[in-house]
Trainee: 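Have a look at this one before I ask anything.
The chains referred to below are lettered A, B, ... by the order of the sequence lines, with proteins before strands, and numbering in each begins at 1. When reading the values below, keep in mind they use all heavy atoms of this one structure, side chains included, and skip hydrogens, waters and symmetry mates.
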Amino acid sequence: MANTEYIVRTKDVRKEFKMGQETMKALNGVSVDVKRGEYISIMGPSGSGKSTLFNAIGGLDKPDSGSVFINDVDMAQLDANELAFLRCHTIGYIFQTFNLITVMTALENVRLPTIFAGMSAEEGEKRAMSLLDLVGLGHRYNHKPSELSGGQQQRVAIARSLANKPSIILADEPTANLDSRTGTEIIDLLRRLNKDQGVTVISATHDYKMLDVSDRIIWIRDGVVEKIELRSDLKIQVGGMQVPAGSH
Amino acid sequence: MPPETDAQSTVDDKPVHGKIFMPFSVVVTIAMNGLKIRFWRSIVTASGIFLSIAFFSYVVTNLMLAPHLTSDERHRQTFLAIISVLVAGVGITNSMLMSVTERFREIGTMKCLGAPDSFVVKLFFVEAAFMGLTSSAAGFILGLLGSLLLLAISSPGTDFSLPKIGLVLLWSLMVGVFITFGAAYFPAQQAAKMPAASALRTDV
Ligand SMILES: Nc1ncnc2c1ncn2[C@@H]1O[C@H](COP(=O)(O)OP(=O)(O)OP(=O)(O)O)[C@@H](O)[C@H]1O
Ligand SMILES: [Mg+2]
């Protein structure tokens with residue numbers, strides 16, 4: 001049953017990369033709890049371990065030690081196929097580089113996860129079409145990614161991430177390759193999905209515009225959690241923070 | 001302020017546990033669709049198999065049908081046949097290796113969307129089987145025609161024995177499919193086992 005308070009929990013997650021002689025401790029004991037329906041931003045400088053944490057939570061890479069629980073299920077206990085099931089049904093992924101399948105149209109891209117979920121072709125196509133409408137791209141359904149702008153590609157990716165009604169959307173710097181205005185549109189879209197559909201959003205980001213919509217901000221530095229802030233706490237500090245011009 | 005969990009959540013409460021099951025027909029559909037949308041890439045890969053097997057079938061047809069081959073010529077032809085298999089091996093392996101590795105990223109993406117490892121392996125096997133069979137068959141025909149034409153001109157009265165031609169067909173298909181499969185096997189296994197994160201990081 002999926003009614004526990006915490007949808008994602010990590011316990012003392014560690015991951016290191018060996019590069020020649022050196023070992024790089026990308027995650028050095030990260031424990032975070034994410035409540036169902038929260039909008040979480042993971043902030044931190046480049047190389048601080050955001051993507052590594054993203055991969056660990058998303059089951060895209062195994063941590064060296066520590067555990068990740070999704071709906072109280074320890075991911076390490078799942079076999080390869082169960083992990084695929086989890087990725088198919090429970091988590092939707094959004095990437096900085098969009099990662100659409102280049103040879104497929106927008107509609108085919110959004111439909112793809114429904115195939116893995118065993119949905120029929122008509123049903124999957126209907127669902128994909130309604131999701132493209134939801135992100136405002138219904139009219140471009142027949143276009144390949146190369147024929148879409150960055151912002152449009154990211155919206156297709158968001159539609160795709162929603163294909164099997166995930167409980168969690170995991171995003172790794174979804175606005176990093178977009179200009180400020182398009183970035184804001186993407187953030188608003190994620191927030192709307194979070195509000196209207198109750199999807200938990202966890203997003204790694206450098207983008208200060210994200211802070212406005214986040215319920216909590218997890219700051220990471222050198223592979224450890226530096227601090228966790230509530231947005232309400234943040235409001236007070238905003239004056240002192242270096243918010244780049246153009247963001248609100 | 002802690003967020004209030006949305007009461008009118010439209011997100012389905014679903015079990016986390018479960019298995020992905022994909023009927024084989026779905027794998028075949030996706031594989032065929034993949035070959036179609038990558039039409040020109042598929043043609044290039046297929047050409048590698050096609051030409052290799054054409055060469056093979058040419059040499060073997062000649063070896064089987066040419067009348068009065070001296071033992072010296074027979075040895076030379078056999079040597080050529082072996083070389084042609086090696087050429088086919090290298091050519092096809094190269095084609096298949098390319099066609100799998102250039103899609104690592106795509107495989108990583110598909111894994112994120114719920115593709116199980118077994119699907120990745122099956123996908124490439126179905127592609128390899130289809131490419132291997134069709135290209136080898138076409139290659140066989142070209143090699144056979146070339147050889148027959150030359151034989152008809154150079155040694156009239158050659159006995160074009162159907163059973164022998166059938167044997168050449170069998171060999172061509174076996175060699176073509178076997179090599180294509182073998183060439184797809186290791187990169188497909190590698191792609192399937194690779195953690196999705198690593199597959200996504202590759203950029204070819
Ligand atoms: N596959 C890998 N091989 C070797 N080192 C890696 C690998 N992935 C990450 N690292 C290292 O781990 C550390 C954390 O990387 P990570 O990608 O998680 O940072 P990040 O916070 O996402 O940075 P950015 O904001 O630039 O995306 C970095 O020092 C990086 O060099
Ligand atoms: Mg990163």
Side-chain angles (χ1 to χ4, degrees), chain A residues 1-3 5 35-39 51-52 54-55 58-62 70-73 78 80-91 93 95 97 99-104 108 112-113 115-118 160-161 163-167 194-200 215-216 230-232, chain B residues 1-23 25-27 29-30 33-42 102-121 123 192-201 203:
Chain A
M1 274 314 293
N3 50 14
E5 187 183 5
K35 291 199 193 84
R36 189 169 296 281
E38 266 191 307
Y39 191 123
S51 296
T52 312
F54 171 93
N55 289 337
L60 306 182
D61 210 358
K62 285 198 173 70
I70 305 284
N71 277 338
D72 281 338
V73 175
L78 302 178
N81 193 305
E82 289 169 330
L83 210 53
F85 184 91
L86 180 89
R87 294 199 281 245
C88 185
H89 291 275
T90 310
I91 306 178
Y93 304 82
F95 303 90
T97 49
N99 286 359
L100 295 175
I101 294 187
T102 49
V103 291
M104 293 185 181
E108 288 165 340
L112 193 55
I115 298 177
F116 298 128
R160 183 179 67 181
S161 76
N164 293 326
K165 304 191 177 168
S167 324
N194 170 255
K195 276 247 166 76
D196 297 351
Q197 313 204 355
V199 190
T200 307
D215 297 315
R216 287 192 298 157
L230 296 177
R231 182 176 41 181
S232 46
Chain B
M1 162 189 69
E4 53 279 281
T5 322
D6 227 4
Q8 72 271 22
S9 162
T10 60
V11 174
D12 285 356
D13 279 352
K14 294 179 295 195
V16 180
H17 270 295
K19 295 265 185 191
I20 296 278
F21 170 72
M22 292 183 74
S25 60
V26 174
V27 180
T29 313
I30 295 181
N33 209 27
L35 289 172
K36 207 170 69 195
I37 49 189
R38 257 179 285 270
F39 185 74
W40 292 109
R41 185 67 186 85
S42 311
E102 74 185 3
R103 279 154 67 192
F104 272 176
R105 217 190 151 81
E106 184 179 311
I107 294 162
T109 306
M110 287 206 183
K111 280 188 170 190
C112 288
L113 305 180
D117 296 358
S118 59
F119 165 80
V120 177
V121 174
L123 180 69
K193 294 228 176 72
M194 192 186 271
S198 324
L200 283 172
R201 209 176 296 112
D203 33 18

Trainee: Taking all heavy atoms of Pro116(B) and all of Ala84(A), pick out the closest pair and write down the distance.
Mentor: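 For Pro116(B) versus Ala84(A), the nearest heavy atoms are CA-CB, 3.8 Å.
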
Trainee: How many angstroms lie between CD in Glu106(B) and CG in Asn99(A), if you round to the nearest 0.5 Å?
Mentor: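 Here the rounded value is 11.0 Å.
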
Trainee: Is a donor from one side chain sitting under 3.5 angstrom from an acceptor on the other, for Thr97(A) and Arg105(B)?
Mentor: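 A donor-acceptor contact under 3.5 Å links the two side chains.
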
Trainee: Look up atom CG in Leu200(B) and atom OH in Tyr93(A), then write down how far apart they are to the nearest 0.5 Å.
Mentor: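 Interatomic distance, Leu200(B) CG to Tyr93(A) OH, rounded to 0.5 Å: 10.0 Å.
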
Trainee: Where do Met22(B) and Phe116(A) come nearest, in terms of heavy atoms and distance?
Mentor: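 Closest approach of Met22(B) to Phe116(A), heavy atoms only: SD-CD2, 3.6 Å.
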
Trainee: Counting only non-hydrogen atoms closer than 4.5 Å, does Asn55(A) touch chain B with its backbone (N, CA, C, O), its side chain (CB onward), both, or neither?
Mentor: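 It is the side chain, since no backbone atom gets that close.
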
Trainee: Within the side chain of Asn81(A), is there an N or O that forms a donor-acceptor pair under 3.5 Å with the backbone of Lys19(B)?
Mentor: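 No: the side chain of Asn81(A) does not pair with the backbone of Lys19(B).
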
Trainee: Nearest 0.5 angstrom please: Cys88(A) SG to Lys111(B) NZ, how far?
Mentor: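 NZ of Lys111(B) is found 14.5 Å from SG of Cys88(A).
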
Trainee: Could you give the distance from CD1 (Ile101(A)) to CD1 (Ile107(B)), rounded to the nearest 0.5 Å?
Mentor: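 One gets 10.0 Å once the value is rounded to the nearest 0.5 Å.
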
Trainee: For a side chain to side chain contact (heavy atoms under 4.5 Å, CB included) check, start with the C-alpha distance between Leu113(B) and Arg87(A), then their side-chain angles and the critical distance, and finish with the verdict.
Mentor: CA-CA 6 Å; Leu113(B) 305 180; Arg87(A) 294 199 281 245; over 6 Å; no

Trainee: I'd like to verify something: which residue of Cys112(B), Gly108(B), Pro23(B) has the highest number of heavy-atom pairs under 4.5 Å with chain A?
Mentor: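 Of Cys112(B), Gly108(B), Pro23(B), Cys112(B) has the most heavy-atom pairs under 4.5 Å with chain A.
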
Trainee: Within the side chain of Arg38(B), is there an N or O that forms a donor-acceptor pair under 3.5 Å with the backbone of Val103(A)?
Mentor: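 No; zero donor-acceptor contacts below 3.5 Å.
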
Trainee: Any side-chain heavy-atom pair from Glu82(A) and Ile20(B) closer than 4.5 angstrom?
Mentor: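 No - every pair of side-chain heavy atoms lies 4.5 Å or more apart.
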
Trainee: Please state whether the side chain, the backbone, both or neither of Phe54(A) comes within less than 4.5 Å of a heavy atom of chain B.
Mentor: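 Neither part, no heavy atoms under 4.5 Å.
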
